[in-house]
There are 2 protein chains.
Amino acid sequence: MADAEEKPSRSGAEQLLASTLREHGLRVTPDRLQLFRTLEAASAPLSITEISKRMEPLGINQATVYRILERFTAISVTHSVLLPHGVVAYELVPPFAEHHHHLVCSRCGRVINFYNPELDQAIQAVAKNYGFTVTSHMVEVHGLCTECAKAHREKKTAR
Amino acid sequence: MADAEEKPSRSGAEQLLASTLREHGLRVTPDRLQLFRTLEAASAPLSITEISKRMEPLGINQATVYRILERFTAISVTHSVLLPHGVVAYELVPPFAEHHHHLVCSRCGRVINFYNPELDQAIQAVAKNYGFTVTSHMVEVHGLCTECAKAHREKKTAR
DNA sequence: TTTTTTGCAAAGATTTTGCACCTTA
DNA sequence: TAAGGTGCAAAATCTTTGCAAAAAA
């Protein structure tokens, strides 16, 4: 487990994580806080491999990463999303992060977060129509970001 | 490989698959047709495990299933989607299947396909706003279907 | 006949587990 | 102190690969 010489003050999000864990009878441990911070700091969803890679230097075991992600997902602190090439990645969900969706560039891998109320409304409308009770939804848009689309056009012109 | 005693006439979709394969310099084989038919017949996306399970009785090897799915996805005959619990599943994409999204019941696993033009428009609007060129998009809505929501309410009332 | 595809089995990765020891509450 | 959590290493799974035989074009 991680060294805890100093006990840094917890941010608001960390306080919220702590109470959520306790509500579910789970304990607040340095490893869980650390993994949470890693996801908070990431600008995009992270694969398990990537998370493990970042946790290892902190002395956190792979098996622990699997176990924490499983629990975090069970209590809705995180959820998984699908990146291009069938890669599963994890990220925080509200209220630990703002509700959003992704535009993922399949060329450079860049991930742009966005939120569009009309889109969410359309989903609600569909669900209502089918008598479906929504607990979560995921929208992943794949394609090319501006830069890559430009590079792609130039490459085509060049040949 | 599968027994090919009789050579059944190919459906329109299969003809299309055949020409798509040829366009990409790939061959039309019984195994590929079989996997294609399996996805066509499925009412919901199938995990690799599920696909393998259905192919095995037909004498198709697991390694072959992996290889075919990889190629099908590369030439956009299939794509992967994420079901609840982080399970990756495959399904056909247009023009091999109609464009649609999913409402997935996390209790009974039922999958309802839907299509909503407003939703697609909202995605296009967002993409345009970010100068993003969309090649594909995926919308997965998780929650409870009517029956399961009802069962869930009754269970709560009962206790 | 040439080029792909597939089966098989081995090699590699990824995940899951049991259990003893350590922490949190 | 009781109930969890974590490290470690082994087991179980899942994927990928090399290569020879079989099939498609």
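Quick note: numbers below take in every heavy atom, side chains included, and nothing from hydrogens, waters or symmetry partners. Please read these numbers as outputs of a predicted model, since none were measured by experiment. Reminder, nothing fancy here: chain letters follow the sequence lines and each chain counts from 1.
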For residues 106-134 of chain A, which residue pairs qualify under ring pair (Phe, Tyr, Trp, His ring centres under 6.0 Å), counting only residues two or more places apart or in two chains? H99(A)-Y115(A), H101(A)-F114(A)
Between C1' on dG4(D) and CD1 on I68(A), what's the gap in Å once rounded to a whole number? 13 Å
Would you mind reading off the distance between L69(A) atom CG and dG5(D) atom P, rounded to a whole angstrom? 15 Å
Nearest-Å distance, CZ (R32(B)) to C1' (dA25(D))? 13 Å
Does this structure show an ion pair linking E147(A) with R107(A), if we count only N-O contacts that are shorter than 4.0 Å? no
With the side chain counted from C-beta on, respond yes when F72(A) and R32(A) share a heavy-atom pair under 4.5 Å apart, and no when they do not. yes
Take the protein atom CG of N61(B) and the nucleotide atom C1' of dT4(C), then report the distance between them rounded to whole Å. 16 Å
Is any side-chain N or O of R27(A) under 3.5 Å from a base N or O of dA3(D), one able to act as donor and the other as acceptor? yes
Whole Å only: how far is the CG atom of L21(B) from the C1' atom of dT5(C)? 12 Å
Does L35(B) form a side-chain contact (heavy atoms from CB on, under 4.5 Å) with I51(B)? I'd like the steps, not just the answer. CA-CA 8 Å; L35(B) 177 19; I51(B) 295 173; 3.6 Å; yes
Each nucleotide of nucleotides 11-17 of chain C classed B (base within 4.0 Å of a protein heavy atom), S (only sugar-phosphate) or -, in 5' to 3' order, makes ---SSBB
Measure from CD1 on I60(B) to P on dG7(C) and round the result to the nearest Å. 7 Å
Given atom CG of L35(B) and atom C1' of dG7(C), what is their separation to the nearest angstrom? 16 Å
Considering just the side-chain nitrogens and oxygens of R22(B), establish if one lies under 4.0 Å of OP1 or OP2 belonging to dA24(D). no
Give the cluster check for V93(B) versus I123(B): same hydrophobic cluster or not, with ILVMFWY residues linked at side-chain heavy-atom distances below 4.5 Å. no
Would H137(B) and E140(A) count as having a side-chain donor-acceptor pair, cut-off 3.5 Å? no
In the structure I gave you, are the side-chain heavy atoms of H102(A) and H142(A) within less than 4.5 Å of one another anywhere? no
Phosphate OP1/OP2 of dT5(C) contacted by T64(B) side-chain N/O (<4.0 Å): no
Atom-pair distance (CD on E56(A); P on dG7(D)), nearest Å: 11 Å
